[in-house]
Each structure stands twice: as C-alpha cells, then as structure tokens.
*Asks:* 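My structure is below; once you've seen it, I'll send some questions.
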Amino acid sequence: MVKNPGVKASKMKILFASAELFPFSKSGGLADMASALPRAFRKRGQEVTAVTPLYSSIDIAKYDIRKSGVSFRLRIGAKIYEVELSHCKYEGLDVLFVYTPILCDREYLYGPPGGSYPDNDLRFAIFCHALVELLRRENYDLCHLNDWHTALAALLAKEAGVQSRIVYTIHNLAYQGIFPPSSLQRCGIDARHFTPEEMEFYGQVNWMKAGIGFADAVTTVSPSYAREILTPEFGCGLDGYLRRHSAKLRGILNGIESALYDPKTDPALPVHFGVDNFAGKAQCKALLCQDFNLEDSARPLVVFIGRFVAQKGLEWIVEALDALAALPANFIFLGEGEERYHAALEAAALRCGNLRCFFGYDEALSHRLYSGADLLLMPSRFEPCGLNQMIAMRYGTLPVVHAVGGLRDTVHPIGSRVCGEGFPFEDGNACGLIAAVENALVFSADPKKLEAVRRFDMGCDFSIDRCAGEYLHLYRELLSGSLSTKGEL
Ligand code: ADP
C-alpha cells in the first residue's frame, strides 16, 4: 500500500464508474446514487469524473454530449473492439461516455423487462476494459466501481498494475453477474482467476467476487445491510466469501438529493408545500385522487412505487391485496416488473374500487405520489438501502416498511425521535404487512399527531452530502494507508 500522509488536505482525482447514471440512464437507485454522489464530491472541492456507457437511448442533443476526439482499440479475448469517448458537463460534473456498438446500441440497458441480454458479460467486459484503459492513461488517485457491471475492472486494474486505489460498492448483492466458464475467454479474463478464492462460484464465473476480492475497500449502502450480507439468510451464497473479506467492508448509508426532492420547489408538483403549510399537500392528494378516479379523497392515500419483483415484497402485497383494499383507505401502485404481479394487481384493481395501478416508469408521477400520499408502502424482503422511504419522508409521507437493511436504519417507530419515524414491522409476511398498515391508519386518523411526525421527518437529514462526506473520509483513509483492517461492522 502506497502511504501518502499529505492526502488529507489535498484534492483527490476520482473516477466514478457506473452502468447507469441519472438523468442519462436509470433502472433504479443505482442511477440516482451514481449521479448525486460525484456531484456532491465536486461541491466539496474534489476533481471527479463520472463514467458510464453512451446507450443509444440517451438524448445526445438534449445534454450537449460531444465526441471528445479520443478513441482506442481494446483487444479482448481473440477480438478487437473500437471504443469512442464522448463528454458533457452535467450540473458542473464532468461525465465521460464510453461508446462501443455491442454495449450501447440496444433498446434496453440490460435486456427486455424481466430478462437480460445473453451477451451482457461481453458488453460490460468491454466497459470494464475501457475503464482500466482510462486508469492507465490518467493518474487517478482513486476509482470507485459500482455493482457487478464494473466489478471486473477491479481485477483487471490490479492485473494491469494500475496504482489507483479501488473502492467497490455493492448496491444489491442479489445481482452478481454470474456467467458460464466459457465467458472467461471472450471477456478477456485469464483462466488462472477461475478459482474459489477469486471468480469461481459453483462452477460459474462470478463478477461480484472479483469486485470484493480485488478492491482495496468494499462498501455497501447501509450499515444494517453490511451486517446482513455476512449471514446465510441475506448473503446470496457469498456470505462466506464476504466474511473472509469483512475487514475491508463498510456500510455507508446512501442519501438523496435534497434539491431534487423538495416539496417547496419540485416542478412535478401541481401545488407546493412545506413544514409550515400542509395545505398544498392536501391539494396534491385531492388532484391525484381526481386523476386516478378515486372517490372520497379524505381517506388516507397509501402508495407503492418501485419494481414489481419479489425483492420489493410483491408476494406479500399480492397475498394481502384484498385485506388491504378492505381497509378505509385508497391505494395506488406505480411500477413495472414481473408479469404475474402485473396480472394480480390489475385483477385487484378491477375488483376493488379503492385500488389503482399505473404500470410503467414515470418519474413525474412518482413525485406526485410521494407528495400526495399519506403513507408509502415498502415491505421489501431485503433492502440494501432503499431511496423511496427517504424521498417519501422529505414530502411528509410516512413509510410503512419491513425492518430490514437500509429500511431498518432509516425508519424507526413513532415516538423514538430518531430520524426518521414511520411504521417498521418485523414479521416478514403478508400478515405483518396488513397489521402494520392497520396500525399506521389508526395513527394517521389523528391529524395533530400525524402532522407532528410529518414535520419531524421532513426535517431529517437524508442528504447525499452527508453520505459523500463519509465516502471521502474512507477515500482519505485508503490513500493515506490508514484504513483500519479490523473492520467496523
Ligand atoms: P431499487 O432497488 O429499484 O434501486 P431504490 O429504492 O434504491 O430501489 O430506488 C428506486 C428509485 O427509482 C427511486 O428514486 C424511485 O422513486 C424510483 N422508481 C422506481 N420505480 C419507479 C417507477 N415505476 N416510476 C418512477 N420512479 C420509480
């Protein structure tokens, strides 16, 4: 480890790599974090470049993305791939785009809904080799890699003798990038890495293992999730491997962009509001009920926003739908995902007059739901961090959450006076969910108590700026060689 005691005060040169980056591409919370965190670093005086693929869905004209004039050829396996770089400034942040046809010229980021492209290994291998090329060409102090799509770059960088320190963040351990052994050669991975200590995983190649094994520090997006993934229940088969590397594992709670989610200024809202004036929130709710043709807008409005997948508790939701709809409340579900959940929700919406669904991805609608709702439903089976609950609290919407991972770290029982307050439940099943919603509805019936909790939650600091401070602290520890190897979990 290169020790550099002068690093504490000096500016760091950081390359921040991610397969998605808001507003250019987004499938979930990774895109939000990959956009907000580097911008927060920049505001704190760091020299940072974000790097991401130039997918064909990105509006080049809108963001003034221009070719940088740099291109290079990569030899990966037996083939040569031409890579071209483009660049733009997004809110002051330097964003570098990697273009190569196989990676970028696709209708979807990773594959059609519910599926993935069969050559995702090669697509993201090219991206990872391109990242290492960038690290070789410029002297970055540190490279921050995110999720399985960039994990291979940790191994390739070490193999290439790159000096930059490598931080690898696990946003979701459930997606590990697992491919057959035949993919080693075409992805340019030396077969000597196909061992249980490195990338081999039950006879397959596992990219996540390369990130965990070869990075100088591994982080995940909440302290509770960092502890959970060391157990067989949440470790997705990697708990043993993570335990072996736990000395360099940290849990750093994600944050949200306060300016983007501000009920006083949010352009997506029909009426604005703040802690001193909740009239606007009531109007937002009334307008939503009107648009969704929901009667009795005085009833509490409960919303769900997110991917319709098992992780988000859809199994429990589907089982609980009729019991929930029998409660004195209105419900709106926004999201997209697996067909069976679409079908169950659609059928419930036909049966129940107080339940509506909107299938699709709609950023503006999500903001209107956060603002107009009384309660946000988030019964995730597991949740690395979760952004929805933090966003909801910014809009005075109380979260009803399964107490796991980041949800446990951000939503505490009413009266605990710990940021924030809502309705966490321990029993991970449909009954636990129904009981928690019932409990939340009883509480919400008292407008004075409800308003007090809303005020409290809206004043909590879930900002990305706090999160950025913690990452910079970790970077400095790494660069000065003072990262404690005892682990802090
Ligand atoms: P994930 O596991 O999907 O990354 P997070 O809670 O970390 O979940 O982040 C989800 C982000 O995506 C939030 O900003 C949420 O508002 C947004 N989101 C999810 N689904 C939708 C949708 N259908 N329409 C609009 N926004 C959505």
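In this chain, numbering begins with 1 at the start of the sequence shown. Counting starts at 1 for both ligands and their atoms, in listed order.
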*Asks:* List ligand 1 atoms under 4.0 Å from S366, heavy atoms only on the residue side.
*Replies:*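 The atoms of ligand 1 under 4.0 Å from a heavy atom of S366 are 25 (C), 26 (N).
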*Asks:* I want to check something: taking the side chain as every heavy atom from C-beta on, are N120 and W148 in contact at a cut-off of under 4.5 Å?
*Replies:*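 SC-SC contact between N120 and W148 confirmed.
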*Asks:* For atom 5 (P) of ligand 1, what is the nearest protein heavy atom, given as residue, atom name and distance?
*Replies:*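 Of every protein heavy atom, L387 N, 3.7 Å lies nearest to atom 5 (P) of ligand 1.
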*Asks:* Is K312 close enough to touch ligand 1? Criterion: a residue heavy atom under 4.0 Å from a ligand atom.
*Replies:*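 K312: in contact with ligand 1 (<4.0 Å).
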*Asks:* Which residue owns the protein heavy atom closest to atom 23 (N) of ligand 1, what's the atom, and how far is it?
*Replies:* G360 O, 2.9 Å
*Asks:* Is it the side chain (CB and beyond), the backbone, both or neither of H171 that lies under 4.0 Å from ligand 1, heavy atoms counted?
*Replies:*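 None of H171 does.
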*Asks:* Can you figure out which of F359, Y361, F304, F333 has its heavy atom closest to atom 21 (C) of ligand 1?
*Replies:*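 Closest candidate by heavy-atom distance is Y361.
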*Asks:* Go through ligand 1 atom by atom and flag the ones less than 4.0 Å from a non-hydrogen atom of G335.
*Replies:*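 Every atom of ligand 1 under 4.0 Å from some heavy atom of G335: 23 (N).
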*Asks:* Do the rings of F97 and F24 sit parallel, tilted or perpendicular, given the 30° and 60° boundaries?
*Replies:* perpendicular
*Asks:* With heavy atoms under 4.0 Å as the rule, classify the contact between I391 and ligand 1 as side chain, backbone, both or neither.
*Replies:* side chain
*Asks:* Run through K281, R454, R299 and flag the one making a salt bridge (Lys or Arg N to Asp or Glu O under 4.0 Å) with D374.
*Replies:*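 Testing each of K281, R454, R299 against D374, the sole residue satisfying salt bridge (Lys or Arg N to Asp or Glu O under 4.0 Å) is R454.
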*Asks:* From S224 OG over to R227 CZ, what is the distance, rounded to the nearest 0.5 angstrom?
*Replies:*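 With rounding to 0.5 Å, OG (S224) is 4.5 Å from CZ (R227).
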*Asks:* Provide, to 0.1 Å, the distance between atom 4 (O) of ligand 1 and the closest protein heavy atom, together with that atom's residue and name.
*Replies:* G29 N, 2.6 Å
*Asks:* Once you restrict to heavy atoms under 4.0 Å, what part of Y175 touches ligand 1? Side chain, backbone, both or neither.
*Replies:*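 Neither part.
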*Asks:* Return the orientation label for the F16 and F41 ring planes: parallel under 30°, perpendicular over 60°, tilted otherwise.
*Replies:* perpendicular
*Asks:* So, does C385 sit close enough to ligand 1 that a heavy atom of it is under 4.0 Å from the ligand?
*Replies:* no
*Asks:* Give a yes/no verdict on a cation-pi contact between R106 and Y117, requiring under 6.0 Å between NZ or CZ and the six-membered ring centre and an angle within 45° of the axis.
*Replies:*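 Geometry flag: set, cation within 6.0 Å and 45°.
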*Asks:* Among all protein heavy atoms, pick the one closest to atom 3 (O) of ligand 1 and tell me residue, atom and distance.
*Replies:* R307 NE, 2.8 Å
*Asks:* Once rounded to the nearest 0.5 Å, what's the spacing between atom CG of N172 and atom SG of C385?
*Replies:*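 With rounding to 0.5 Å, CG (N172) is 11.5 Å from SG (C385).
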*Asks:* Can the positive tip of R417 be found less than 6.0 Å from the middle of the six-membered ring of F456, inside 45° of the ring normal?
*Replies:*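 The answer is yes; both the distance and angle limits are met.
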*Asks:* Return yes when Y370 approaches ligand 1 closer than 4.0 angstrom through a heavy atom, no otherwise.
*Replies:* yes
*Asks:* May I ask you to decide if the ring planes of F333 and F331 are parallel, tilted or perpendicular, using 30° and 60° as cut-offs?
*Replies:*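 Answer is parallel, since the angle falls under 30°.
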*Asks:* Just need the protein heavy atom nearest to atom 10 (C) of ligand 1, so name the residue and atom and give the distance.
*Replies:*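 Answer, as residue, atom name and distance: N388 OD1, 3.4 Å.
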*Asks:* Within the structure, is a non-hydrogen atom of Y261 found at a distance of less than 4.0 Å from ligand 1?
*Replies:*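 Yes, that is the case, since the closest heavy atom of the residue is under 4.0 Å from the ligand.
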*Asks:* Identify the closest protein heavy atom to atom 24 (N) of ligand 1: which residue and atom is it, and at what distance?
*Replies:*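 Checking every protein heavy atom, the shortest distance to atom 24 (N) of ligand 1 gives D362 N, 3.0 Å.
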*Asks:* For E363, is the CD atom crowded, meaning more than 12 foreign heavy atoms sit under 6.0 Å from it?
*Replies:*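 Yes - once you tally the heavy atoms of other residues, nucleotides and ligands closer than 6.0 Å, there are more than 12.
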*Asks:* Say whether Q389 and ligand 1 are in contact under the criterion: heavy-atom distance to a ligand atom below 4.0 Å.
*Replies:* no
*Asks:* Considering only non-hydrogen protein atoms, determine which one is nearest to atom 20 (N) of ligand 1 and report residue, atom name and distance to 0.1 Å.
*Replies:*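 Protein heavy atom at minimum distance: G306 CA, 3.4 Å.
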*Asks:* Under 4.0 Å from a heavy atom of G386: which atoms of ligand 1 are those, numbered in the order shown and with their elements?
*Replies:* 6 (O), 7 (O)
*Asks:* Is it the case that the side chains of Y475 and H144 hold a donor-acceptor pair, with the cut-off being a distance below 3.5 Å and no angle test?
*Replies:* yes
*Asks:* Begin from the C-alpha positions of K89 and V95 and carry the test side chain to side chain contact (heavy atoms under 4.5 Å, CB included) through to its verdict.
*Replies:* CA-CA 6 Å; K89 284 254 185 206; V95 184; over 6 Å; no
*Asks:* Tell me, which protein residue and heavy-atom name are nearest atom 14 (O) of ligand 1, and how many Å apart are they?
*Replies:* D32 OD2, 3.1 Å
